[in-house]
Amino acid sequence: MNKLLEIKGLKTYFYSDDGVVPAVDGVDIVIHEGETVGIVGESGCGKSVTSLTAMRLTPGKVVEGSIKFNGKNILALSDHEIRAIRGNEMAMIFQEPMTSLNPVFTIGQQIGEAVQIHMNYSKQKAKERAVEMLKLVGIPRAEQIVDEYPHQLSGGMRQRVMIAMAMACNPKLLIADEPTTALDVTIQAQILDLMKELKEKHKTAIMMITHDLGVVAEMCDRVIVMYSGKVVEESDVISLFTNPKHPYTQGLMKSVPSLDGEEKRLYSIQGSVPIPGSLREGCSFAPRCEFAMSICKQAMPRLEEVETGHLCRCWLHSTDQGGIQDEATAR
Amino acid sequence: MSQSEAVMYATRSPWSMMVSRFKKNKRAMVGLWMAVLFIVVALLARWIAPYDPTAQNMQVMLESPSFSHPFGTDEFGRDILSRIIYGAQISLMIGIVGVLISVVFGVALGTISGYFGGKLDTLIMRIMDIFMAFPSFLLALAIVSVLGPGMSNLMIAIGIFSVPTFARISRSSVIAVMNKEYIEAAKAMGGAHTFIIFKHIIPNSIAPIIVLSTMRIATAILTASGLSFLGMGAQPPTPEWGAMLSTGREYLRTAPHVSTIPGLAIMFMVLAFNMLGDGLRDALDPKMKL
Amino acid sequence: MKQPLVEVKNLKKYFPIKKGILGRTVSHVKAVDGLDFTIFKGETLGLVGESGCGKSTTGRTILQLLQPTEGEVLYEGKNLVGMNPIELRKLRKNLQMVFQDPYASLDPRLTVGELIAEPLNIHGLSQGKEKDLRVEELLNVVGLSSYHAKRYAHEFSGGQRQRIGIARALALNPKLVVCDEPVSALDVSIQSQVINLLQDLQEQIQLTYLFIAHDLSVVRHISDRIGVMYLGRIVELADKQALFQSPKHPYTKALLSAIPIPNPLLKKERIILKGDVPSPANPPTGCTFHPRCSECMTICRTEKPALKEVDGQFVACHLYN
Amino acid sequence: SNSSSPSTNSSGAGAQAAVEPKDLVVALGAEPTILDPQDSSDALSNNATELVFDKLVTLDKDGKIVPQLAKEWTISPDGKKITFKLREGVKFQDDTPFNAEAVKITFDRVLNKDNKLNRYSFYSEFIDKVNVDSELQVSFDLKFPFGPALTCLAQAAGAIHSPKSLQEKGKGVGKAPVGAGPFILKEWTPGTKLVFEANPNYWGGKPKVKSITFKPVPENSARSIMLETGEADVISPVVPTDVDRLKGNDKLSVLISSSSRNLEFVMNTTKAPFNDVKVRQALNYAIDKETIVKKLLSGYGKVSEAAFTESVWGYSSVGAYPYDPEKAKKLLAEAGIAAGTKIQLWTPEGRYLMDRQIAEFVQGNLQAVGLAVDFKKYEWGTYKNITTNPKKDNYDIIMDSWGASTGDADWALRPLFTTTGSSNLSGFSNAEVDTLLDKGMKTTNPDDRKKTYSDALKVIKDQAPYIFVLDNKQLTGVRKNVEGVYTWTNERLILREAVKK
Amino acid sequence: MFSYIIKRVLQIIPTLIGVSILVFILIHSVPGDPARLKAGNEASEQDVQLIRERLGLDQPLYIQYGHYVANLIKGDLGTSLRSDRPVLQEILTRFPTTLSLTVMAIFIMVLIGLFAGIISATKPNSSRDNFTMMFSLFGISMPIFWLGLMLILIFSYYLHLLPSGGNDSFKYFILPALAIGLSSSAILARLTRSSILEIIHQDFVRTARAKGVKEKLVIYKHTLKNALIPIITIIGLEFGHLLGGAVLAETVFSMNGLGRYVIQSIQFRDYPAIQGCVLFIAAIFVIVNLIVDLCYSLVDPRVRYD
Ligand SMILES: Nc1ncnc2c1ncn2[C@@H]1O[C@H](COP(=O)(O)OP(=O)(O)OP(=O)(O)O)[C@@H](O)[C@H]1O
Ligand SMILES: Nc1ncnc2c1ncn2[C@@H]1O[C@H](COP(=O)(O)OP(=O)(O)OP(=O)(O)O)[C@@H](O)[C@H]1O
Ligand SMILES: [Mg+2]
Ligand SMILES: [Mg+2]
């Protein structure tokens with residue numbers, strides 16, 4: 001399989017009056033053609049910023065790292081060239097279907113815009129394409145809906161429209177940033193179903209950002225777990241769920257109440273997510289980790305392959321003790 | 001946890017955060033200092049004014065700015081600098097007292113209207129609509145005509161003239177706060193109306209009022225000077241800036257400084273309060289629609 | 001054995017939709033449309049359903065934060081509906097609420113100490129030193145410490161805020177706490193902390209919960225019985241084991257099957273419902289679920305099914321006639 | 001505004017041949033209100049009616065009474081009847097003939113109380129009856145021998161209407177006047193302009209300009225600029241501060257003519273301390289009239305030396321109180337007035353030339369002699385209402401101005417200084433003055449009258465109910481290519497003889 | 001839509017009745033007597049009384065109001081006490097001036113304000129943003145009448161470019177329209193800036209960028225159309241402000257408009273004229289706001305009137 005997107009050592013920082021916020025602090029992600037990669041992690045850990053940076057849409061500043069998409073260096077492209085990729089080869093759907101559509105343009109105009117830009121379609125043809133796309137995402141009365149405005153649709157329908165819009169130019173990569181979080185379970189099921197269907201049909205690779213482990217289990221081939229701006233674990237979905245390595249991943253899995261088991265008390269990770277930018281020595285999860293060792297408080301471990309295809313950033317699994325020095329000198 | 005830890009951790013109240021945001025805003029700080037300067041000048045007028053602002057000296061009438069009269073003299077040979085200095089007192093008084101009047105009435109009406117809603121709300125807002133249907137300057141003009149010219153009447157007119165605006169803003173701000181869950185929480189705990197209004201509603205809806213007040217001081221000063229310009233404001237020989245400008249108009253060609261300088265004074269004082277208001281808004285809530 | 005704490009009888013809450021020149025009421029949003037259920041002392045009654053189905057409205061009308069359109073809410077036998085305000089205010093001590101949004105439910109201008117002391121002040125319960133001690137005690141109960149008391153709510157994380165909200169609700173030693181989606185705004189790892197806290201408290205001080213949520217796994221974890229709501233009505237109400245093992249109502253079945261399971265090895269059969277939840281302003285005739293129901297019969301289009309007991313579970317569905 | 005006819009376009013006039021009559025543009029401080037001469041008394045309206053209407057008699061450039069529609073007249077020996085012989089062949093602007101009937105109809109209208117016209121009392125006071133003696137002879141029966149009768153008939157209110165127009169338009173004549181004068185009202189856009197066109201059939205010969213346009217321009221400086229730029233040919237009034245600059249322009253001239261108007265401060269003699277003549281005299285000494293005239297009016301005025309101005313018939317100088325603050329203080333002390341005594345000084349603003357400024361200056365003067373002056377400026381509408389009656393309104397010192405519109409001493413003094421005078425704002429009551437003024441009114445011999453008034457003026461000066469400050473000058477700006485423009489002392493701007501080159 | 005307009009027009013009526021009562025009370029509380037003013041300075045008390053009767057001012061106030069309302073229903077605004085002309089005619093001869101002035105001022109305000117607002121919003125906190133916003137602060141803070149005088153001083157006295165007063169032709173309107181338009185444009189600039197900045201951070205703008213839309217189009221198509229709602233609102237509100245500003249501008253520039261007529265009428269205590277003008281202005285103002293409301297539906301499909 002070919003590497004479609006390759007993010008290496010990405011650091012995206014926000015500079016404000018209150019200081020620097022290292023929202024993304026050294027992230028490596030590879031997505032192959034046609035593959036669905038899940039990115040999970042707590043709120044604020046940098047999932048959205050990572051994905052936005054991949055499209056060069058983040059308001060933050062990329063201070064380090066590289067992003068290669070389909071052989072092109074995203075960070076080095078001209079504005080014109082990056083625009084040619086956005087919405088065309090790489091498309092995005094967002095968490096909030098309510099606010100992600102422009103309220104003053106019709107559905108048709110908004111779906112058609114991308115094909116007008118990227119495929120030089122005429123207005124008329126763009127509209128036809130929009131209808132076609134609406135039908136594809138299973139919207140009834142597509143011919144009418146195409147002339148309606150976002151506020152006339154329900155949340156689920158809007159998310160379908162978002163998907164239609166993203167898929168309009170047959171992108172190679174679809175970035176879905178929590179596409180179902182705002183939706184009800186029954187609607188979520190509809191949308192996930194649709195995404196699976198589209199993915200199979202068009203061989204689109206998907207970067208699926210979510211915090212719902214259920215969604216990950218259902219949708220993804222591979223999973224990346226992020227914590228506080230860094231990737232802490234990466235593996236194929238089955239091995240992650242059956243054999244999570246990182247204490248954070250383990251905790252995460254245990255704290256979800258299960259639907260079949262019968263636990264009296266839930267497992268809980270103590271403490272709360274660190275505020276990014278509150279600089280701390282060592283592993284950022286150490287303060288909440290029940291296995292924390294003294295080294296954990298001193299140095300950040302590296303992301304290492306602990307089993308084939310299973311990477312983890314944790315001293316418990318680290319084979320390379322020299323990493324301490326490496327990281328320490330890197331600081 | 002220990003006492004020392006509590007001390008070490010500086011708590012940041014919404015107020016102190018606002019202050020620090022405000023301090024970072026250069027324009028706001030310039031506005032603040034300008035306003036402070038005007039206030040100090042007004043307070044110290046008796047000591048810093050070089051001449052009696054009403055003392056006539058026909059020997060030096062309509063003189064251009066010079067060393068002995070830095071801003072020149074007017075048609076009675078009065079020192080314009082001294083009149084500007086004393087005029088600061090008047091403009092500030094009108095602005096501040098006028099706005100205080102509107103704040104008290106406007107906030108009371110707006111809060112009652114927004115909090116209780118229903119028929120009372122409709123009644124109050126319809127009355128406000130009637131006032132708002134007048135272009136505001138005409139309303140002020142009508143009120144001063146009724147009350148007659150003079151400082152206190154001017155303040156009352158300016159006060160009444162802004163009541164509807166304050167009522168509206170405060171009402172919408174109250175309604176916004178009413179929709180917050182913490183109001184529901186207070187109700188759920190069994191809090192009485194007055195408790196909720198004074199403890200939660202007013203403190204949380206007051207931010208736009210503070211900003212509006214500052215900006216309205218600016219408007220009030222402008223309006224008052226406009227009324228004085230039309231001869232319906234302060235009584236001569238009171239050194240009201242608008243009136244000074246208006247009388248100086250006769251000499252616009254021969255002695256332009258007589259009307260130019262009061263105009264600049266008005267502009268800078270208004271500017272100070274506008275910058276201050278702007279800064280307050282940005283510090284309190286940049287999205288505020290004012 | 002089971003003593004009823006709150007009995008809800010034919011509870012309805014309609015919101016008027018106003019229109020026209022004179023603002024006449026032309027129709028109603030039937031947010032809650034005839035609920036009958038009982039909350040027993042010491043239990044947790046879970047309430048699930050899709051967004052807009054009337055869960056929050058139910059909670060609020062029970063607490064009299066909204067005036068019900070019809071029906072009764074009996075608290076220990078006393079009808080809260082239409083009770084005189086002073087008496088009601090006194091009773092409120094026993095009925096508290098934890099809100100969904102930990103950011104909006106705490107007044108940003110008060111310190112945590114003031115926030116927690118507020119209910120004590122309102123009811124004039126304790127003064128001075130005693131009050132401070134009580135605040136400290138409450139903070140400790142929810143796992144915070146007294147040095148937090150001087151800080152403002154915005155300086156806390158979501159989970160901590162939710163703890164503050166819980167401390168406030170507990171200040172008056174309530175009997176019933178209505179939890180309106182107390183964990184849906186929280187991260188998974190924080191969510192479990194709060195759930196555990198709620199459970200611990202229930203054990204310690206014999207609280208009764210009405211627990212509203214849309215996350216079935218959470219509801220299942222915490223509740224003793226679960227009511228499933230659809231468009232302002234309860235379609236199924238049962239013991240949680242029964243509900244999960246043998247859901248009766250087609251909607252419950254679909255709902256349960258729709259939940260993604262965090263286990264990639266387990267592929268289960270999905271019932272995917274067509275369409276969206278209809279608007280409560282304009283609900284379908286008959287059984288409000290019939291347009292989305294795969295087992296819809298003719299009677300479903302015309303007649304509203306009543307909530308009936310079937311095998312120890314309460315279901316409102318014509319399939320069980 | 002309406003699309004202006006070419007006749008009103010003044011700027012394009014320069015290129016036309018010199019013989020062709022041109023359009024004259026006149027910028028005035030305000031707009032006429034009503035062009036019904038019997039229903040308006042303001043100078044601005046009268047300026048306009050003087051163009052449209054002719055009267056039985058009128059005043060010439062020098063203020064002498066001269067025939068107009070009446071060729072000649074006789075006064076009966078008892079002074080109670082005046083008979084006019086009318087000019088023949090005169091036609092009104094609507095082509096109806098002018099005759100004795102028209103005169104009677106016009107005067108009967110104003111003398112009828114039910115018509116409630118503005119000038120009712122002005123004439124009804126002395127005219128008893130108007131008789132048509134023949135087609136071209138009309139006689140007036142007076143209630144008593146009235147010295148200034150002819151002068152009154154020469155006022156704007158003496159204008160004769162076309163009876164047809166009166167009958168047809170009723171109250172509407174004020175908007176569409178028809179007289180026998182040299183100009184016809186062509187267009188009136190309220191607030192913007194009035195256009196009068198030359199009456200080609202005027203009995204006195206066709207006027208020398210094609211049209212006259214009145215424009216209301218309240219801003220003093222704007223008027224001056226219009227004159228400078230040629231947008232206006234004549235402006236009135238010119239503010240004193242602009243005179244020197246305008247004079248410096250070789251295309252312009254400023255007519256400085258005397259006026260029957262003076263400016264004065266009225267003391268309320270019905271209340272303390274102004275019931276004390278010493279106080280009143282003291283205040284007269286306290287005011288620096290010289291400086292007011294020199295500085296505030298740039299010298300375009302004259303310090304008053306009597307209760308009315310030089311240009312009024314019957315004038316004699318009785319001398320001004322000199323500026324002597326020390327004497328003022330002494331007199332005040334003698335009258336037992338403590339320093340710091342509070343008095344009120346009221347003034348209108350924008351009504352009279354430099355009114356507020358003068359009052360403000362006077363305040364300074366009065367404070368300089370130890371009085372605490374509470375200064376109040378009122379807008380005219382209010383001022384007029386609160387300064388009608390010294391007893392009722394209870395003011396202290398108010399500014400006032402009086403223009404003896406008849407140009408006769410009687411109207412200059414009787415309303416103000418007789419006990420029952422209609423405008424006695426000072427509440428002044430002096431038996432000697434009452435007798436003298438009554439005598440003056442009823443005397444017909446000019447020399448006797450003059451003597452009587454001279455005596456009255458002296459008493460008034462000594463009793464000092466007023467502080468007479470200054471005699472106004474009329475300042476009219478005229479472009480040098482315009483001739484034949486003059487003013488009457490009662491502030492009427494006479495344009496009917498204007499020529500524009 | 002149509003029924004919405006009807007509804008709104010009907011809603012205007014009670015407001016206007018309220019306005020008429022308020023004005024009636026207000027102006028009759030102003031000390032002064034139009035009869036005395038009409039009679040002139042030399043008039044005797046008797047003359048004044050005659051005129052008072054003629055004008056019907058000797059009747060009790062409630063009867064006067066009754067007459068007024070009765071006439072109003074017939075569409076008659078009464079007759080000016082000062083000029084004896086129908087008030088409506090007086091208003092209509094002056095309104096075109098005020099309307100042209102206001103429209104020109106709005107034109108200036110939109111032209112400068114919108115442009116400046118966009119300029120500074122597209123590069124927030126840059127020096128051009130700071131400059132524009134500082135400039136607009138000055139604009140807001142300048143007294144209209146003073147700005148007017150300064151314009152006269154510069155453009156009429158010193159440069160002889162434009163006339164200083166009157167309302168004969170287009171060039172007479174330039175300075176007064178500038179005087180009132182500039183300060184309003186400052187308000188608009190600020191509002192435009194903040195609305196754009198608010199919109200530009202919304203999710204759908206990010207969506208547009210993610211589609212590869214050009215930055216220019218992102219601003220002018222996706223953002224501006226959304227920001228237009230508060231902008232239109234402020235234009236409507238500024239209309240009232242400008243009418244108020246017209247009072248001052250017409251005075252400074254000797255223009256024969258409604259604003260100055262109101263002042264003259266107040267000075268003359270011309271009751272019917274004042275009432276007429278205020279009602280007229282209030283009605284215009286309310287109608288403008290209605291139009292503004294209707295404009296919302298043009299830019300925002302969420303606004304529907306039915
Ligand atoms: N525009 C911005 N300015 C400053 N900080 C930002 C900005 N956008 C994001 N951040 C910070 O970057 C960090 C990562 O944010 P990000 O949106 O990527 O989180 P996330 O993992 O997507 O969280 P969520 O699950 O809540 O969407 C957060 O701490 C956030 O505060
Ligand atoms: N104050 C109100 N006025 C009018 N309609 C209301 C009001 N509050 C709620 N509704 C309507 O009543 C219905 C039920 O609302 P409710 O908040 O009870 O739903 P919910 O089940 O709590 O939804 P969610 O899961 O989104 O919180 C919704 O359609 C809502 O729009
Ligand atoms: Mg995110
Ligand atoms: Mg809810």
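Everything numeric in this text was worked out from a predicted model, so none of it was measured.
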Q: So which atom in B:S145 and which in E:I266 form the shortest heavy-atom distance, rounded to 0.1 Å?
A: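 Nearest heavy atoms, B:S145 then E:I266: OG-CG2, 3.6 Å.
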Q: Just wondering, more than 12 heavy atoms not from E:Y157 lying within 6.0 Å of its OH?
A: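 Enclosed.
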Q: If I compare all heavy atoms of E:V262 with all of B:L138, which pair ends up nearest, and what's the gap?
A: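 Heavy-atom minimum between the residues: CG1-CD2, 3.9 Å.
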Q: Step through the shown structure and confirm whether more than 12 heavy atoms of other residues, nucleotides or ligands are within 6.0 Å of CZ on E:F135.
A: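 Counting other residues, nucleotides and ligands, CZ of E:F135 stays at 12 neighbours or fewer.
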Q: For E:F285, is the CZ atom crowded, meaning more than 12 foreign heavy atoms sit under 6.0 Å from it?
A: yes
Q: Under 4.5 Å from any heavy atom of chain E, what part of B:L252 do you find: side chain, backbone, both or neither?
A: both
Q: Rounded to the nearest 0.5 Å, what's the gap from CZ on B:R253 to OG on E:S156? Could you check?
A: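 Reported to 0.5 Å precision, the distance equals 9.0 Å.
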Q: When you measure from the side chain of E:W146 to the backbone of B:L245, do you find a donor-acceptor pair of N or O atoms at a distance under 3.5 Å?
A: no
Q: Would you please test E:I25 and B:V146 for side-chain contact (heavy atoms from CB on, under 4.5 Å) and show each step?
A: CA-CA 10 Å; E:I25 295 171; B:V146 172; over 6 Å; no
Q: Side chain, backbone, both or neither: which part of B:M132 has a heavy atom under 4.5 Å from chain E?
A: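 Just the backbone, heavy atoms under 4.5 Å.
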Q: What part of E:V278 lies closer than 4.5 angstrom to a heavy atom of chain B: side chain, backbone, both or neither?
A: side chain
Q: For chain B, which of E:L16, E:I274, E:L197, E:N130 has the most heavy-atom pairs under 4.5 Å?
A: E:N130
Q: May I ask you to name which of E:C277, E:P14, E:G18 has the most heavy-atom pairs under 4.5 Å with chain B?
A: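 Top count of heavy-atom pairs under 4.5 Å with chain B: E:G18.
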Q: Does CZ belonging to B:F105 count more than 12 external heavy atoms closer than 6.0 Å?
A: no
Q: Working to the nearest 0.5 angstrom, can you tell me the gap between B:I266 CD1 and E:M142 CE?
A: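 One finds 12.0 Å between CD1 of B:I266 and CE of E:M142.
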Q: Would you compute the distance between atom CG of E:L26 and atom CG of B:L139 and round it to the nearest 0.5 angstrom?
A: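 The distance works out to 7.5 Å.
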Q: Sort B:R27 into side chain, backbone, both or neither according to what part of it lies under 4.5 angstrom from a heavy atom of chain E.
A: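 Contact with chain E involves the side chain of B:R27 alone.
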Q: Is it the backbone or the side chain of B:S246 that comes under 4.5 Å from a heavy atom of chain E, or both, or neither?
A: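 Contact with chain E: none, neither part.
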Q: Please report the interatomic distance CD1(E:I140) to CE(B:M267), rounded to the nearest 0.5 Å.
A: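 Those atoms lie 12.5 Å apart.
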Q: Among B:G263, B:P262, B:A140, who wins on heavy-atom pairs under 4.5 Å with chain E?
A: B:G263
Q: Based on non-hydrogen pairs under 4.5 Å, which of E:G245, E:P143, E:S29 is most in contact with chain B?
A: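 Of the options given, most contacts go to E:P143.
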Q: Does anything in residues 252-272 of chain E form a ring pair (Phe, Tyr, Trp, His ring centres under 6.0 Å)? List the pairs, not counting sequence neighbours.
A: E:H28-E:Y271
Q: Given side-chain contact (heavy atoms from CB on, under 4.5 Å), test B:S225 with E:F145 step by step and report yes or no.
A: CA-CA 9 Å; B:S225 64; E:F145 47 91; 3.4 Å; yes
Q: Identify which of B:A142, B:G226, B:G242 forms the greatest number of heavy-atom pairs closer than 4.5 Å to chain E.
A: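 Winner by heavy-atom pair count: B:G226.
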Q: Look at atom CE of B:M93 and say whether more than 12 heavy atoms of other residues, nucleotides or ligands are closer to it than 6.0 Å.
A: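 No, CE of B:M93 has 12 or fewer neighbouring heavy atoms, counting only those of other groups under 6.0 Å.
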Q: Which heavy-atom pair separates B:N274 from E:S141 by the least distance, and what is that distance?
A: ND2-OG, 3.1 Å
Q: Picking from B:L264, B:L147, B:I143, B:T223, which has the most non-hydrogen pairs under 4.5 angstrom with chain E?
A: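 That would be B:L264.
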Q: Above 12 or not: heavy atoms from other molecules or residues under 6.0 Å from NZ of B:K24?
A: yes
Q: If I take atom CE from residue B:M275 and atom CE from residue E:M133, how far apart are they, to the nearest 0.5 angstrom?
A: 14.0 Å
Q: Search all heavy atoms of E:T15 against all heavy atoms of B:D129 and return the closest pair with its distance.
A: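 Smallest interatomic distance, heavy atoms only, reads CG2-O, 4.1 Å.
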Q: Rounded to the nearest 0.5 Å, how far does CG of B:L141 lie from CG of E:L248?
A: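 With rounding to 0.5 Å, CG (E:L248) is 8.5 Å from CG (B:L141).
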Q: When the ring planes of B:F268 and E:F138 are compared, do they come out parallel, tilted or perpendicular, using 30° and 60° as the limits?
A: perpendicular
Q: Any idea which of E:L137, E:I21, E:L149 has the most non-hydrogen atom pairs under 4.5 angstrom with chain B?
A: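 Heavy-atom pair counts peak at E:L137.
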Q: Go through the steps to decide whether E:V252 and B:F229 satisfy the test side-chain contact (heavy atoms from CB on, under 4.5 Å), and finish with yes or no.
A: CA-CA 10 Å; E:V252 173; B:F229 179 78; 3.6 Å; yes
Q: Can you tell which part of B:I221 gets under 4.5 Å to a heavy atom of chain E, answering side chain, backbone, both or neither?
A: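 For B:I221, no heavy atom lies under 4.5 Å from chain E.
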Q: With only heavy atoms counted, which part of E:Y158 is less than 4.5 Å from chain B, the side chain, the backbone, both or neither?
A: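 Just the side chain, heavy atoms under 4.5 Å.
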